[in-house]
**Student:** 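Below are the structure tokens for one structure; questions will follow.
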Amino acid sequence: MNPIQELRDKLNNIIIEALKKAKDEELLQFQHIPGFVIEVPKDSNHGDFASNVAMLMAREARMNPRQIAQIICDHMPEHTLEIDKIEVAGAGFINFFVSKKWLYDIPALVSAMGDQYGNNPRLNKQVQVEFVSANPTGNLHMGNARGGAIGDTLANVLARAGYDVEREFYINDCGNQIEVFGQSLEARYLQLMGKDIGFPENGYAGQDVVDTVKNIIRTHQDGLLSMESSVRQKTLIDYALNEKIKYIKSTMADFGIHYDVWFSEKTLHEAGKVEEVVDYLKERGYIYESEGALWFKTTAFGDEKDEVMIRANGLPTYFAADIAYHKDKFERGFDWVINVWGADHHGHVARMKGAMQAIGYDPDHLDIVLMQLVRLYRGGQIVRMSKRTGTTVSLDELIEEVGKDAARFFFVMRSPDSHLDFDLELAKQQSQDNPVYYVQYAHARIMSIFRQAKAAGAELKKPAEVDFSILGAEELQILRKIADFPEEIAISARTLAPHRIARYVLDLAGLFHSFYNHHRVLNENKALQDARLVLMDIIRITIKNSLDLLGVSAPEQM
RNA sequence: GCGCCCGUAGCUCAGUGGAUAGAGCAACGGUUUCCUAAACCGUGUGUCAGGGGUUCGACUCCCUUCGGGCGCACCA
């Protein structure tokens, strides 16, 4: 149920009917009705809805937009909508002033839908969101954290927007980096066993690798010393990957994220899917050999330069595996595939889409959400992140310091396109300056009102038993905001903009706090109290559902 | 050099081609002790980085210049 969308659809039909009627009467001349919009004007003086249809028709109809608008108004058919006023305004806008009575139906809708409120009709479309997909060779960093918050919120939003959603984590468990990882593990192992041995130049120098090796020693002691190097590395890698993936899974769970699929890159190679896709491209003539390597002619799809698929040493590149991976995704039947990537991978986007085109899939069914980098601040000072010095803050440490709720909210608060300054002090603050606190507090405050109401013997009545015409302008504004929620979800999904939900719930919490500071819910006027209690209940539901989307808890008291 | 993102109020940021560009913080002025706590109310003259273009209409789309970030591996 999306009340805004329903009203919009009805107005849309009325306009089209009016146009047809005017054409029949030969007052307007046109072949096609243009793709006009019915929008909610920013300024409420311009009505509840406004359409630009007259402006768009001006050229074809060879008439002044305001005249066209007037003709449309004069030909509005009979309809069931209660409309107070329709006016022609500005350059030719048609403004609709819908009777406020439609808002009185909102509480019953929200109340009946409960935790389902906000959900749009099912679309029967399968969408996959792949996000984080961190290398299992180290700790989760702030980029992974932001990707997690964005990806998971986006998945939640898409689900409520009507899609069938799957969350997936791609595990890069083979390739060059894993070899380097193995060499690093081996060096640490030998060092810890007292051998005087150097460390690989580009190895993983972090303390977490040392810790992992210490865990291995705890169970295997010196048992790996006698092994041949390649066997030893494999043993170390298997153990370490297992440990790292367990760490990632548990940290993600602490962050409120639960994946449907953990997809191993290795299985792709083992199943021959990578060779398969290279062969496929070869058959189509997109592959050529040069300097011992096999190249994919990505320039044929707008890339700047061709890319290596199979290296001279016979091993496929990450790109080759990634094409096979994305082919596999589409073969699994997804109508829409979404990846959340760090902005440092942007160069990969065009060639990935090109690759999809080359293997016969519509590149428009693949969307990449690129997110900009994160900067951590502590008391106005930037927290430098350096793997060398080991001062990097990991996601598990962040969750421990500021809590899951603040972390989730902060990471998703800004547009993915925007660099994110994460203020650790603000995130911990128990004050209304802290946006997550501000929203949660609104929820807790409403719960408190209900506790007070119960103590006073006041009950929450069913919306049908309550007269909402007693409500004033501020309450109606809140109703209007609540009515927007499903539409907000639809837009957020369509534009892949999960930060809109954070802003939405901040707005709603702001309206609530402001109302709370001016009016008493529990008061002498019982009819008013009944209406306000219902209003409080649907604010509570909408805030709760918004916070659910964000993966943030809604406390009963604070 | 080429490509992607960004540039909006003092600061941090919103802004699905629509009408007079918004919010929070900060600043300034005022009120107040009330279901949850020093909270509440009010106050914005912004070259939407600059310049061109498309459009009835541009912060939004295109071109270009400047500034910042990030990429441009037989790494992932």
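Lettering follows sequence order; numbering is per chain, from 1.
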**Student:** When you check the phosphate oxygens OP1 and OP2 of B/rC41, does a side-chain N or O of A/S514 lie under 4.0 Å from one of them?
**Tutor:**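 Yes.
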**Student:** According to a cutoff of under 5.5 Å between the ring centres and under 30° between the ring planes, does A/H46 stack with the base of B/rA19?
**Tutor:**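 The ring of A/H46 is stacked on B/rA19.
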**Student:** Please report the distance separating the P of B/rA26 from the corresponding atom of B/rG68, rounded so that it comes out in whole Å.
**Tutor:**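 It comes out at 31 Å once rounded to the nearest Å.
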**Student:** From the list B/rG18, B/rG3, B/rG22, which nucleotide is the closest neighbour of the side chain of A/E304?
**Tutor:**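 Among B/rG18, B/rG3, B/rG22, the one nearest the side chain of A/E304 is B/rG3.
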**Student:** Send over the distance from A/N45 CG to B/rG18 C1', rounded to a whole Å.
**Tutor:**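 So the CG-C1' distance, A/N45 to B/rG18, works out to 16 Å.
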**Student:** Nearest heavy-atom pair of A/L56 and A/P34: which atoms, and what distance?
**Tutor:**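 Smallest interatomic distance, heavy atoms only, reads CB-CG, 3.9 Å.
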**Student:** Hey, does A/A497 reach any base, or is it just sugar-phosphate, or nothing, if we go heavy atoms under 4.0 Å?
**Tutor:**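 Answer is nothing: A/A497 stays at 4.0 Å or more from every strand.
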**Student:** Assuming nearest nucleotide by heavy-atom distance, tell me which of A/P41 and A/D344 is located more 5' along RNA chain B.
**Tutor:**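 The residue closer to the strand's 5' end, by nearest nucleotide, is A/P41.
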**Student:** So, is A/R59 close to the B/rC56 phosphate, meaning a side-chain N or O under 4.0 Å from OP1 or OP2?
**Tutor:**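 Result: yes.
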**Student:** How many Å lie between CZ on A/R375 and P on B/rC6, as a whole number?
**Tutor:**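 So the CZ-P distance, A/R375 to B/rC6, works out to 16 Å.
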**Student:** If only side-chain N and O atoms of A/Q452 are considered, is one of them under 4.0 Å from the OP1 or OP2 phosphate oxygen of B/rU36?
**Tutor:**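 Looking at the OP1 and OP2 atoms of B/rU36, one of them is under 4.0 Å from a side-chain N or O of A/Q452.
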**Student:** OP1 or OP2 of B/rA21 less than 4.0 angstrom from a side-chain nitrogen or oxygen of A/K42, does that happen here?
**Tutor:**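 Answer no for this pair, as no side-chain N or O of A/K42 is under 4.0 Å from OP1 or OP2.
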**Student:** In whole angstrom, give me the gap between the P atoms of B/rG71 and B/rG52.
**Tutor:**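 After rounding to an integer number of Å, I get 35 Å for this pair.
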**Student:** Would you mind classifying the nucleic acid contact of A/N95 as base, sugar-phosphate or nothing, using non-hydrogen atoms under 4.0 angstrom?
**Tutor:**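 Touches a base.
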**Student:** So A/H519, base contact, sugar-phosphate only, or nothing? Heavy-atom distance under 4.0 Å.
**Tutor:**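 It contacts base atoms.
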**Student:** Mind calculating the distance between CD (A/Q432) and P (B/rC25) to the nearest angstrom?
**Tutor:**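 Computing the A/Q432:CD to B/rC25:P distance gives 9 Å.
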**Student:** Find the partner of B/rC25: check Watson-Crick (N1-N3 plus N6-O4 or O6-N4) and G-U wobble (N1-O2, O6-N3) distances, both under 3.5 Å, and reply none if neither fits.
**Tutor:**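 Because both required distances fall under 3.5 Å, B/rC25 counts as paired with B/rG10.
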**Student:** Please report the distance separating the P of B/rC41 from the corresponding atom of B/rU64, rounded so that it comes out in whole Å.
**Tutor:**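 Each nucleotide's P atom is 48 Å from the other's.
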**Student:** Give a yes or no on whether a donor-acceptor pair under 3.5 Å exists between the nucleobase atoms of B/rA21, that is its base, and the side chain of A/D43.
**Tutor:**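 Side chain to base: no pair below 3.5 Å.
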**Student:** Please give, in whole Å, the distance from B/rC13 C1' to A/F410 CZ?
**Tutor:**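 Checked: the CZ to C1' distance equals 13 Å.
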**Student:** Please say whether more than 12 non-hydrogen atoms of neighbouring residues, nucleotides or ligands are located less than 6.0 Å from CD in A/E275.
**Tutor:**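 Counting neighbours around CD of A/E275, 12 or fewer heavy atoms of other residues, nucleotides or ligands fall under 6.0 Å, so no.
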**Student:** Would you mind classifying the nucleic acid contact of A/M558 as base, sugar-phosphate or nothing, using non-hydrogen atoms under 4.0 angstrom?
**Tutor:**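 Base, at least one base heavy atom under 4.0 Å.
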**Student:** In the structure shown, which nucleotide is the Watson-Crick or G-U wobble counterpart of B/rC72, with both distances under 3.5 Å?
**Tutor:**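 Pairing partner: B/rG1.
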**Student:** Using only heavy-atom distances, decide whether a donor-acceptor pair under 3.5 angstrom links the side-chain of A/Y441 to the base of B/rU36.
**Tutor:**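 Side chain to base: pair found, below 3.5 Å.
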**Student:** Using both distances under 3.5 Å as the test, list the Watson-Crick or G-U wobble partner of B/rU55, or none.
**Tutor:**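 Answer to the pairing question: none, since B/rU55 forms no Watson-Crick or G-U pair.
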**Student:** Between B/rU20 and B/rG46, how far is it from one C1' atom to the other, in whole Å?
**Tutor:**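 Going atom to atom, C1' in each nucleotide, I get 14 Å.
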**Student:** Side-chain N or O of A/R500 versus OP1/OP2 of B/rU16: is the shortest distance under 4.0 Å?
**Tutor:**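 So the side chain of A/R500 is within the cut-off, an N or O lying under 4.0 Å from OP1 or OP2 of B/rU16.
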**Student:** Roughly how many Å apart are B/rA21 and B/rG57, using the C1' atom of each and rounding to a whole number?
**Tutor:**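 Those two atoms are separated by 15 Å.
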**Student:** Go through B/rA73, B/rC34, B/rU16 for me and flag the one nearest to the A/K305 side chain.
**Tutor:**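 Nearest to the side-chain atoms of A/K305, counting from C-beta on, is B/rA73.
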**Student:** Could you let me know what B/rG44 is paired to, Watson-Crick or G-U wobble, both distances under 3.5 Å, or none if it's on its own?
**Tutor:**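 Here B/rG44 is not engaged in any pair, so there is no nucleotide opposite it.
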**Student:** Which nucleotide sits closest to the side chain of A/H499: B/rA39, B/rG15, B/rU36?
**Tutor:**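 Nearest to the side-chain atoms of A/H499, counting from C-beta on, is B/rG15.
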**Student:** With rounding to the closest Å, how many angstrom separate the C1' atoms on B/rU55 and B/rC62?
**Tutor:**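 Approximately 12 Å lies between the C1' atom of B/rU55 and that of B/rC62.
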**Student:** For the side chain of A/Q177, starting at C-beta, report the closest nucleotide among B/rC25, B/rA76, B/rC35.
**Tutor:**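 Between B/rC25, B/rA76, B/rC35, the one nearest the side chain of A/Q177 would be B/rA76.
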**Student:** Of the candidate nucleotides B/rA76, B/rU36, B/rU12, which contains the atom at the shortest distance from the side chain of A/D421?
**Tutor:**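 Output: B/rU12.
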**Student:** Centres of the A/Y377 and A/F422 rings: under 6.0 Å?
**Tutor:**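 No; A/F422 has its ring centre 6.0 Å or more from that of A/Y377.
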**Student:** Identify which nucleotide among B/rA19, B/rC35, B/rU36 has an atom closest to any side-chain atom of A/A444, counting heavy atoms from C-beta outward.
**Tutor:**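 That would be B/rU36.
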**Student:** In whole Å, what is the span from the CG atom of A/L373 to the P atom of B/rC6?
**Tutor:**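 Rounded to whole Å, this separation is 14 Å.
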**Student:** Roughly how many Å is it from NE2 in A/H419 to P in B/rG67, rounded to a whole number?
**Tutor:**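 To the nearest whole Å, that distance equals 17 Å.
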**Student:** Kindly say if A/T495 contacts the phosphate of B/rU16, meaning a side-chain N or O under 4.0 Å from OP1 or OP2.
**Tutor:**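 Indeed not, no polar side-chain atom of A/T495 lies that close.
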**Student:** Distance check needed: B/rC2 P versus A/H346 NE2, whole Å only.
**Tutor:**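 From A/H346 NE2 to B/rC2 P: 14 Å.
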**Student:** Given atom NZ of A/K353 and atom C1' of B/rC4, what is their separation to the nearest angstrom?
**Tutor:**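 Going from NZ in A/K353 over to C1' in B/rC4 covers 13 Å.
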**Student:** Would A/F131 and A/F169 count as a close aromatic pair, with their ring centres under 6.0 Å?
**Tutor:**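 A/F131 vs A/F169: aromatic centres not under 6.0 Å.
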**Student:** Using a heavy-atom cut-off of under 4.0 Å over every strand shown, decide if A/A312 touches base, sugar-phosphate, or nothing.
**Tutor:**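 Since a base atom lies under 4.0 Å of A/A312, the category is base.
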**Student:** Please report the closest heavy-atom contact between A/A149 and A/V412, naming both atoms and the distance.
**Tutor:**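 Smallest heavy-atom distance, with atoms named: O-CG2, 3.8 Å.
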**Student:** Looking at A/R8 and A/E39, is any side-chain nitrogen of the basic one under 4.0 Å from a carboxylate oxygen of the acidic one?
**Tutor:**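 Looking at A/E39 and A/R8, the cut-off is not met.
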**Student:** Using the C1' atom in both, what is the distance from B/rU60 to B/rC74, to the nearest Å?
**Tutor:**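 So the two C1' atoms sit 42 Å from each other.
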**Student:** I'd like the P distance from B/rC13 over to B/rG17, given in whole Å.
**Tutor:**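 Nearest-Å result for B/rG17 against B/rC13 at atom P: 23 Å.
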**Student:** Checking side chain to side chain contact (heavy atoms under 4.5 Å, CB included) for the pair A/I539/A/I478: CA distance, chi angles, key distance, verdict?
**Tutor:** CA-CA 8 Å; A/I539 297 173; A/I478 294 175; 3.7 Å; yes
**Student:** Of all the heavy-atom pairs spanning A/Q372 and A/D417, show the shortest one and how long it is.
**Tutor:**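 Smallest interatomic distance, heavy atoms only, reads CG-O, 2.9 Å.
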**Student:** Which of the following nucleotides, B/rC13, B/rG18, B/rA76, is nearest to the side chain of A/N172?
**Tutor:**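 For the A/N172 side chain, the nearest candidate turns out to be B/rA76.
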**Student:** When the ring centroid of A/Y318 is compared with that of A/H348, is the distance short of 6.0 Å?
**Tutor:**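 Yes: the rings meet the under 6.0 Å criterion.
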**Student:** The side chain of A/V521 is closest to which nucleotide in this list: B/rA76, B/rC74, B/rC35?
**Tutor:**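 Within the option list, the nearest is B/rC35.
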**Student:** Check every atom of B/rC74, B/rA14, B/rU36 against the side chain of A/R414 and return the nucleotide holding the closest atom.
**Tutor:**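 Taking heavy atoms from C-beta onward, the closest nucleotide is B/rA14.
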**Student:** Closer to the 5' end of RNA chain B via nearest nucleotide, is it A/F93 or A/Q557?
**Tutor:**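 Nearer the 5' end of the strand: A/F93.
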**Student:** NA contact type, A/Y438, heavy-atom cut-off 4.0 Å: base, sugar-phosphate, or nothing?
**Tutor:**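 Nothing, no nucleic acid heavy atom in range.
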**Student:** Should B/rA39 form a Watson-Crick or G-U wobble pair with both distances under 3.5 Å, which nucleotide is its partner?
**Tutor:**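 Because both required distances fall under 3.5 Å, B/rA39 counts as paired with B/rU31.
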